[in-house]
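This report refers to the structure that appears directly beneath it.
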Amino acid sequence: MAVQLSAGSIAAINNGEKPEDVILQVIAVRKFPTGDRCRLLVSDGVHRCGFAIMATQLNPMINSGEVAQHAVIKVTKYFCNQVSEKKKMMIILGLEVLLTAEDVGGEIGNPTTYESGTSNAPAGAPAAASNHSITRPSPVANVQRSAPGNAPAADGGGMMPQAPDGFPNVRPIQTLTPYQNKWSICARVTQKSNIRTWSNSRGEGKLFSMELLDQSGEIRATAFNAECDKFYDMIEPNKVYYICSATLKTANKQFTSVKNDYEMTFNSGTQVVRCTEEKSIPAMQFDFVTIDQLENAQKDTIVDLIGLCRDASEVATIVQRSTGKELRKREISIVDHTNRAVSLTLWAEQAEKFDGTGNPVIAVKGAKVSDFGGVSLSLLGSSTLQVNPDISEAHQLKGWWEQAGCNSSDIINLSNQRGGAGNAVGANAVFKTLLEAKKEGLGSRDQPDYYNAKAIVTLVRKENILYQACPNDGCNKKVMDLNNGMYRCEKCCKELDRFNWRLMLSCNVADFTENHWVTVFQDQAELMLGSTAQELGTLRDENPDMFQSIIAGASFKEYNFRLRVKMETYNDESRLKTMVMSAAPVNPVDLNRRLIKEIRELSA
DNA sequence: CCCCCCCC
């Protein structure tokens, strides 16, 4: 066998040595009853020992079956925790699989169970590891020896920065658990929230939270009330800090995408000191998806994304339905080399400060996927936005844009600006048949329901499709013709000498299950009739035949509709009203794209 | 001790 187990390394590690690149055989994999941590029973050919814990970010290797019983692994990065006086834990932060379970097919050698306190490797086994710890003295380890009160063996092979005075030894974030309290970390703040207040039955207060990153992993930390005041100003995003003495508790995965079983709460004893020797601490880590991958992303997924800002809207004010609060937002359209564009909504300060001039590269961490308009993205309080980050992906995108992207005529927008079913790309768009919508009772609650449906226009009611509307900006209320060349708007309380024609169609739409009457306003109606309201207003009197034929011509076309259903009460009578939010013609190009995709999936 | 993250 070409691969040799690191005989004696289990004893060496338990004796406080730190051999590098330890080659071990996996004897068993055990899942912890809580969380998703895994423990390995490993063998070095001499001893077997269940002291190895896998960092959770390595779990994919277990789930994929790479790390399985009998596989031979090389542990490239690890860290030791002293659990009790005689007991150590080896936390595996990095490993390579040298031989798969099939390659090996059984247990190598005849190892005996390692008993803590056993002196060295038995005679005959090479002391594979001991040289390393002699040739690579660790400054942190030296500090430990001179400070016997501290927990020993906390350096992870001499890679950890030196803690400042009064701080316990620096540990990798991945090794923190609620069961030890003598630790420091040296971590970069990759995300910092605003201060938020809360008030509920359990009380009220304020807090801010942050995400901390080092070489081993990440953790979320929260500072409440007094600690919120104490640390909010000093903690700056992207800077590196030593942190010690905070409370650890199990993270509720429901509320966070941070990859750690635990999270940190600052307490009155928590200390934070800026670290300026920060080179070894990684910067923010992105896990970018390309925009074409969003077509198949589930709604509410959290994603990292990088692309060029091809367009940005002005800041708009909207009213939050639940609270009546005014919110400010800005929509920006992001493109990447997959020739796809997606809309990203920025909120509040981020919306106001954003400057899209010059097509900057936008890197976003932790944006939420929404099914609005097909697929779109929204920033959350926990998201981070970087403009023109100095990373290779950004430079590549800039190059793509200048060479090809800016001239590309075939960029497909996954988010329809009209806010509707769009091109109906995106498996997440909720499509229903008209019968399903009816059976599910959509629109029968207080709030409107929205859904997408593919349907054919069967009939457009000819009567009253046009009305004379107030031309004042954003008013569009029906005006009263005073028959003296003047038109009165009751909303604006003004008499004006002109009006705009506006459309309000009543259409019957049908799919193979059911038909509904729907109302279609201006923009969508113009699209469906292929004429502007102004043209139609003129034609109605000047060329009634053509007017009629335009209306007739709107029938028997197929659309992906975005529909809004709401119960409306008029004269004590309640009935469901369906309104067309958007209508995207089902065009052959999109059909072909979807067919090709479906065929690929079927043949895969 | 929060855990909301909006609107079309």
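Reminder, nothing fancy here: chain letters follow the sequence lines and each chain counts from 1.
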**Prompt:** Once you round it to whole Å, what is the distance between P of dC7(B) and NZ of K566(A)?
**Reply:** 15 Å
**Asked** Which nucleotide in the set dC8(B), dC6(B), dC1(B) lies at the smallest distance from any side-chain heavy atom of K368(A)?
**Response** dC6(B)
**Prompt:** Counting just side-chain N and O atoms, does K325(A) come under 4.0 Å of either OP1 or OP2 of dC7(B)?
**Reply:** no
**Message:** For a quick check of understanding: with a heavy-atom distance under 4.0 Å over all strands, which category does G205(A) fall into, base, sugar-phosphate or nothing?
**Reply:** nothing
**Asked** Tell me, which pairs form a side chain to side chain donor-acceptor pair (under 3.5 Å) where one or both residues lie in residues 187-200 of chain A, sequence neighbours left out?
**Response** R188(A)-E278(A)
**Asked** Would a distance-only check, ignoring hydrogens and angles, find a side-chain to backbone donor-acceptor pair under 3.5 Å from D511(A) to L434(A)?
**Response** yes
**Asked** Out of dC1(B), dC6(B), dC7(B), which nucleotide sits closest to the side chain of F224(A)?
**Response** dC1(B)
**Asked** Does W347(A) make a side-chain N or O approach to OP1 or OP2 of dC6(B) shorter than 4.0 Å?
**Response** no
**Request:** Grab the CZ-P distance between R202(A) and dC3(B) for me, whole Å please.
**Result:** 9 Å
**Nearest listed nucleotide, side chain of Q320(A), among dC1(B), dC6(B), dC2(B)** = dC6(B)
**Message:** Classify R220(A) by what it touches in the nucleic acid, base, sugar-phosphate, or nothing, heavy-atom distance under 4.0 Å.
**Reply:** base
**Message:** Check the orientation of F288(A) and F286(A). Use parallel for under 30°, tilted for 30 to 60°, and perpendicular for over 60°.
**Reply:** parallel
**Prompt:** Across the strands shown, which category fits T345(A) at heavy-atom distances under 4.0 angstrom: base, sugar-phosphate, nothing?
**Reply:** base
**Prompt:** Looking for any heavy atom pair under 4.0 Å, which part of the strands does R564(A) touch: base, sugar-phosphate only, or nothing?
**Reply:** nothing
**Item:** Residues which pass ring pair (Phe, Tyr, Trp, His ring centres under 6.0 Å) with Y241(A), listed by chain and number, not counting sequence neighbours
**Value:** none
**Prompt:** Would you say dC1(B) has OP1 or OP2 under 4.0 Å from some side-chain N or O of K206(A)?
**Reply:** no
**Message:** Under 6.0 Å between ring centres: does that hold for F266(A) and F224(A)?
**Reply:** no
**Request:** From the options dC1(B), dC5(B), dC3(B), select the nucleotide whose nearest atom is closest to the side chain of L380(A).
**Result:** dC5(B)
**Prompt:** Taking CG from L344(A) and P from dC7(B), how many angstroms apart are they, rounded to a whole number?
**Reply:** 17 Å
**Message:** Taking 4.0 Å as the cut-off, does a side-chain nitrogen or oxygen of R562(A) come that near to OP1 or OP2 on dC8(B)?
**Reply:** no
**Prompt:** Once you round it to whole Å, what is the distance between P of dC5(B) and CD1 of I302(A)?
**Reply:** 11 Å
**Asked** Rounded to whole angstrom units, what separation is found between the CG atom of D371(A) and the P atom of dC7(B)?
**Response** 13 Å
**Asked** Just checking Q350(A): base, sugar-phosphate only, or nothing, at a heavy-atom cut-off of under 4.0 Å?
**Response** nothing
**Asked** Atom CG of L377(A) and atom C1' of dC7(B): how far apart are they, to the nearest Å?
**Response** 16 Å
**Message:** Side chain of F372(A), heavy atoms from C-beta onward: which of dC8(B), dC4(B), dC7(B) has the nearest atom to it?
**Reply:** dC8(B)
**Message:** When you measure only distances, ignoring hydrogens and angles, does the side chain of E263(A) come within 3.5 Å of the base of dC3(B) through a donor and an acceptor?
**Reply:** yes
**Asked** Is the charged tip of R461(A) near the ring of W517(A): under 6.0 Å from the six-membered ring centre and within 45° of its axis?
**Response** yes
**Prompt:** Taking CG from N200(A) and P from dC3(B), how many angstroms apart are they, rounded to a whole number?
**Reply:** 7 Å
**Request:** Starting from P on dC4(B), measure out to CH2 on W198(A) and report it in whole angstrom.
**Result:** 13 Å
